[in-house]
Number of protein chains: 2
Amino acid sequence: MISYEKLLDDFKALLKENDLKFTKQRELVLKFLYENNEHFTPEEIYMQLKQQHPNMTIGIATVYRTLTLLEGSEIVSSISFGAQGKKYEFGLKKHHDHLICVKCGSIVEFYDSLIEERQKIIVDTFGFQMTDHVMKIVGICKDCQIK
Amino acid sequence: MISYEKLLDDFKALLKENDLKFTKQRELVLKFLYENNEHFTPEEIYMQLKQQHPNMTIGIATVYRTLTLLEGSEIVSSISFGAQGKKYEFGLKKHHDHLICVKCGSIVEFYDSLIEERQKIIVDTFGFQMTDHVMKIVGICKDCQIK
DNA sequence: CTGACTGCAAAATCTTTGCAAAGAC
DNA sequence: GTCTTTGCAAAGATTTTGCAGTCAG
């Protein structure tokens with residue numbers, strides 16, 4: 001896993017390359033996702049940042065803009081969730097898929113090399129050039145089955 | 001593949017069971033998805049139905065309500081698409097996964113029994129009770145690569 | 001007839017955008 | 001200083017809801 005210092009350097013370099021500026025708000029969003037290894041909606045990120053940094057001002061629009069920026073650079077990735085809305089997570093980690101519980105909304109990550117291999121074979125069959133893939137298994141998690 | 005007559009009977013029975021009424025609008029949506037074996041947004045369905053049946057009145061709200069009803073009965077299924085929005089397709093066919101082209105938006109279906117098997121093994125490992133799963137491979141289709 | 005269904009328009013979500021002030025470099 | 005970024009509020013886009021009239025059974 002990349003260290004936060006390295007991540008921050010990379011992010012600053014990326015910004016510089018594109019003539020973008022390094023701002024406190026951008027750092028806050030990046031740091032939040034780095035430190036909280038979970039999936040959040042833009043709204044959740046916004047609320048938590050406001051709470052954690054009462055003396056800072058940050059707007060929901062900036063959270064959206066920053067997430068779009070980070071996703072474009074593949075530093076964060078998103079997963080669509082339910083009827084509408086997306087959840088974001090820190091993206092510079094090993095590729096993984098998701099188990100999503102419809103009762104409690106919890107998300108568990110998993111990785112299966114057999115499935116990954118198989119996907120490559122499939123796209124080749126179709127002459128398709130894969131840029132990304134998403135596998136979501138939806139159901140009821142262990143805990144919610146007991147309840 | 002189920003015949004349209006059987007489908008219609010099943011649908012009517014389903015409605016009756018739930019004290020719902022069989023209406024022309026509900027039939028139109030069902031028929032449209034049955035006859036057009038593709039993926040549509042609610043808006044697309046609405047526009048096409050209006051065009052195909054100029055003498056009928058149908059509202060976008062009814063399309064949404066009907067899709068929700070049909071999805072709840074698993075007669076149609078949906079796939080979330082891009083930033084927001086869902087596409088719907090007729091659902092009473094063999095399970096399959098999707099290849100989605102980011103350039104032209106085309107969707108190709110595929111089925112791979114090895115992946116299906118593997119998913120079952122994974123959920124068992126986690127004690128998860130699977131109700132559904134979605135696998136989307138995103139990329140650039142053959143045609144768009146040439147262009 | 002009765003209660004569900006429909007279309008319409010208004011409301012509710014969620015996300016993006018315009019703009020003037022503030023901040024990075 | 002210049003040019004980007006920000007927060008705010010307004011605008012957009014998509015989906016849902018309230019309601020009075022309409023229609024199925």
Side-chain angles (χ1 to χ4, degrees), chain A residues 8-9 11-30 32 39-51 53-73 76 78-88 105, chain B residues 8-9 11-30 32 39-51 53-73 76 78-88 105:
Chain A
L8 203 56
D9 283 350
F11 183 49
K12 284 180 181 172
L14 176 86
L15 290 172
K16 190 161 282 176
E17 267 173 45
N18 295 285
D19 290 315
L20 301 174
K21 292 177 196 295
F22 177 76
T23 65
K24 193 73 188 158
Q25 286 83 350
R26 283 176 176 163
E27 193 196 344
L28 281 183
V29 174
L30 177 67
F32 179 81
H39 302 74
F40 301 95
T41 62
E43 183 73 20
E44 284 166 353
I45 296 168
Y46 170 65
M47 294 305 281
Q48 295 225 26
L49 287 179
K50 283 197 83 156
Q51 204 179 334
H53 306 270
N55 46 330
M56 264 299 293
T57 71
I58 187 162
I60 185 78
T62 299
V63 173
Y64 274 101
R65 284 185 283 228
T66 304
L67 288 172
T68 301
L69 170 68
L70 291 171
E71 188 173 19
S73 315
V76 310
S78 69
I79 184 168
S80 59
F81 192 76
Q84 54 197 34
K86 275 187 185 180
K87 284 192 173 185
Y88 289 84
Chain B
L8 203 55
D9 284 350
F11 183 49
K12 284 179 179 173
L14 177 86
L15 291 172
K16 190 162 281 175
E17 269 175 43
N18 295 286
D19 290 314
L20 302 173
K21 292 176 194 296
F22 178 75
T23 65
K24 194 73 190 158
Q25 286 82 353
R26 283 177 176 162
E27 193 197 344
L28 281 182
V29 173
L30 177 67
F32 179 81
H39 302 75
F40 301 95
T41 62
E43 182 74 19
E44 283 166 352
I45 296 168
Y46 169 65
M47 295 305 282
Q48 296 226 25
L49 287 180
K50 284 197 81 156
Q51 204 179 333
H53 306 271
N55 45 332
M56 264 298 294
T57 70
I58 187 162
I60 185 79
T62 298
V63 173
Y64 274 101
R65 285 184 283 226
T66 304
L67 288 171
T68 303
L69 170 68
L70 291 171
E71 188 173 19
S73 315
V76 311
S78 69
I79 184 168
S80 59
F81 192 75
Q84 56 196 33
K86 277 186 186 180
K87 283 192 174 185
Y88 290 82

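Keep in mind that the numbers below use all heavy atoms, side chains included, and drop hydrogens, waters and symmetry copies. The chains referred to below are lettered A, B, ... by the order of the sequence lines, with proteins before strands, and numbering in each begins at 1.
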Ignoring hydrogens and angles, write down the donor-acceptor pairs under 3.5 Å from the side chains of residues 42-49 of chain A, residues two or more places apart or on other chains.
| unit_1 | atom_1 | unit_2 | atom_2 | d |
| --- | --- | --- | --- | --- |
| A:E44 | OE1 | A:T41 | N | 2.9 |
| A:Y46 | OH | A:K50 | NZ | 3.2 |

Run the side-chain contact (heavy atoms from CB on, under 4.5 Å) test against B:D19 and tell me which residues pass, sequence neighbours left out. none
With axes from five pairs an end, tell me the bend angle of the helix from C:dC1-D:dG25 to C:dC25-D:dG1, nearest 10°. 40°
According to a strict under-4.0 Å criterion, is B:R65 in side-chain N/O contact with OP1 or OP2 of D:dT16? no
Checking side-chain contact (heavy atoms from CB on, under 4.5 Å) against B:V29, which of B:L70, B:T62, B:T23 comes through? B:L70
I need the CG-P distance between B:L28 and D:dA24, as an integer number of Å. 12 Å
Within this structure, what is the NZ-NZ distance for the pair B:K12 and B:K21, rounded to the nearest 0.5 Å? 14.5 Å
Reading DNA chain D from 5' onward, which residue's closest nucleotide shows up sooner: A:K50 or B:A61? A:K50
How would you list, by chain and number, every residue that makes a ring pair (Phe, Tyr, Trp, His ring centres under 6.0 Å) with A:F32, sequence neighbours excluded? A:F40
Determine whether A:L8 and A:L30 make a side-chain contact, defined as any pair of heavy atoms from C-beta on separated by less than 4.5 Å. yes
Rounded to the Å, how far apart are B:L67 CG and C:dT6 P? 12 Å
A:S78 meets the side-chain hydrogen bond (donor to acceptor under 3.5 Å, both in side chains) criterion, sequence neighbours left out, with A:E71
Atom-to-atom span, CD of A:E44 to P of C:dT15 - whole angstrom: 11 Å
Starting at OH of B:Y46 and ending at P of D:dT15, how long is that distance when rounded to a whole Å? 14 Å
Rounded to whole Å, please give me the gap between CZ in B:R26 and P in D:dC23. 15 Å
Spacing between A:I45 atom CD1 and C:dC14 atom P, to the nearest angstrom: 14 Å
Give each protein N/O atom lying under 3.5 Å from an N/O atom of nucleotides 21-25 of chain C, with the pair distance.
| unit_1 | atom_1 | unit_2 | atom_2 | d |
| --- | --- | --- | --- | --- |
| C:dA24 | O3' | A:F22 | O | 3.4 |
| C:dC25 | OP1 | A:F22 | N | 3.1 |

Could you tell me how far apart B:E43 (CD) and D:dT16 (P) are, to the nearest whole angstrom? 13 Å
So what does A:I58 touch, heavy atoms closer than 4.0 Å: a base, only the sugar-phosphate, or nothing? sugar-phosphate
Round to the nearest Å and state the distance from B:M56 atom CE to C:dT6 atom P. 9 Å
Nearest 0.5 Å, what's the NZ-CG distance between B:K86 and B:L67? 9.0 Å
Is there a donor-acceptor pair closer than 3.5 Å between any side-chain N or O of B:Q25 and the backbone N or O of B:T66? no
Phosphate-side-chain proximity, B:Q25 and D:dC23, N/O vs OP1/OP2 below 4.0 Å: no
Do any side-chain nitrogens or oxygens of A:Y64 fall under 4.0 Å of OP1 or OP2 in C:dT15? yes
